[in-house]
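Both counts, for ligands and for their atoms, begin at 1 and track the order of listing.
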Amino acid sequence: MGKRGSFSSRFGVVAAVGGSVIGLGNIWRFPYIAGENGGAAFILIYISISLLISIPIMLSEFTLGRSTKRNSKRAFQKLAPGSHWNWVGYMGIFCSFIILAFYSVIAGWALDFIKESLLNNFAGKSPAEINANFSAFVDSGWRPITWAIIFIVATAVIVLAGIEKGIERYSKILMPLFVVLLIGLVINSLTLPAAREGITFLLKPDFSKVTGNTVLQALGQSFFSMSLGMGCMITYGSYIKKNENMFKVAGMVALSDVSVAILSGLAIFPAVFSFGINPTSGPELVFLTLPNIFAQMTGGYFISIIFFTLLFLAAITSSISLFEVSTAYFSEEMRMGRRKAVLLVGGTTIITSTLCALSQMPGSQLTILGHNLFDAFDSLSSNILMPLGGLLIVIFTGWVLSPAKFKNELTSQQTCGKHLFPIVRFLIRFVIPFVILMLFFSLIGLF
Ligand code: PHE
């Protein structure tokens with residue numbers, strides 16, 4: 001086996017992990033869920049969940065990865081030989097494939113919309129025309145598939161270049177670019193006539209909207225947004241240097257996740273309200289509502305190019321991390337070398353993404369339990385596999401892994417975060433398993 005790669009600097013680690021965490025989830029899902037669920041009240045809950053649940057899970061994953069320096073399946077095997085824990089690793093690898101399948105389709109849409117923006121194709125169109133164009137695009141099948149393939153190849157090229165020269169190097173360029181573009185958009189949005197209404201929708205605290213369900217929504221959103229429970233952070237953790245302070249990395253990444261989510265809302269809602277449109281969620285917000293706004297806005301030509309470029313940047317740094325989970329597995333476990341592993345993962349992803357895109361065509365038979373493949377993959381990963389993976393990971397680090405080993409690894413041989421360790425371990429052993437179990441009970445309708 002060749003020499004294993006690693007991230008070279010603190011900035012490199014934060015850019016790579018931040019690149020994974022900051023993605024489509026921050027831009028189209030968070031702002032809307034927050035607006036609908038009590039604004040600042042939801043954001044407060046989301047921040048508490050990040051602190052008490054997501055950061056400790058991320059730290060668990062980093063620990064598993066860094067202590068073994070192996071892919072997510074081998075990490076479990078090394079720490080608990082002869083047990084069945086390596087199935088958690090397999091489950092994560094499977095999960096990375098299905099997320100990658102639908103994620104690449106949406107990222108492909110972003111690429112098509114960059115092209116549409118460059119050609120100034122939104123200008124002067126009525127909402128009905130914009131709707132019709134989008135449906136024609138999705139229904140054609142071959143157009144989204146072509147873009148998804150281009151996106152997957154771009155991801156593969158970066159992953160092929162390796163950890164330091166590929167993932168880290170590109171994250172260090174793409175993430176700052178992303179932040180600059182986002183801040184530009186926010187400043188522009190704040191000058192719009194209904195900026196105040198947009199900000200109120202996103203931020204006005206309304207505790208009357210907070211129910212048990214709100215907390216569960218925040219939890220699900222945080223799992224997806226922080227890339228947890230499917231081995232991504234185990235894999236990236238295995239590239240973190242031994243003397244790096246993982247508490248700081250996780251804290252900075254969580255802070256970036258929340259900030260970018262809120263900034264996205266500040267970029268989007270003032271525009272939505274200024275043009276008298278109802279806020280929507282999901283792909284619709286980004287691919288239907290916003291083009292309508294760009295069509296009417298002064299400077300809409302440039303703003304739309306910037307916005308869809310932003311979306312593409314957010315997506316590619318996340319898909320790199322999804323791609324790396326299985327690339328690390330195949331190259332290390334099947335002894336096939338990085339190039340072959342990348343070809344295998346890329347080829348498989350092209351097939352699964354094609355199926356996802358086809359499943360969105362009218363009359364498609366590609367369904368699972370009444371949902372098209374695209375939606376089925378989305379909900380299987382965020383509602384079941386990631387929380388289940390997260391639960392098993394904290395049970396493993398909290399109850400199976402020896403406390404001394406856990407402590408030494410997490411505190412980098414007792415050089416940092418010694419006082420935080422007992423708190424984190426308590427959360428991991430008791431609080432987090434309890435909260436995730438509640439999530440499952442509510443999903444199956446027990447309360
Ligand atoms: N965190 C990414 C987002 O918010 C999605 C993702 C999930 C990336 C799991 C990697 C692993 O869009």
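For R429, the salt bridge (Lys or Arg N to Asp or Glu O under 4.0 Å) criterion is met by no residue, not counting sequence neighbours. E409 meets the salt bridge (Lys or Arg N to Asp or Glu O under 4.0 Å) test with R66, K242; sequence neighbours excluded. Every residue two or more places apart in sequence or in another chain that forms a ring-ring contact (aromatic ring centres under 6.0 Å, His included) with Y236 is listed here: F7.
Looking at E324 and R338, a side-chain N of the basic residue comes within less than 4.0 Å of a carboxylate O on the acidic one, giving a salt bridge.
Considering S96, S353, C356, S318 as possible partners of Y103, the one that fulfils the side-chain contact (heavy atoms from CB on, under 4.5 Å) test is S318.
Neither side chain, T317 nor S171, offers a donor N or O lying under 3.5 Å from an acceptor on the other.
Within 4.0 Å of ligand 1, protein heavy atoms come from S20, V21, G23, L24, G25, N26, I99, Y103, F224, S225, S227, M230, C232, S318, S321, L322, M386.
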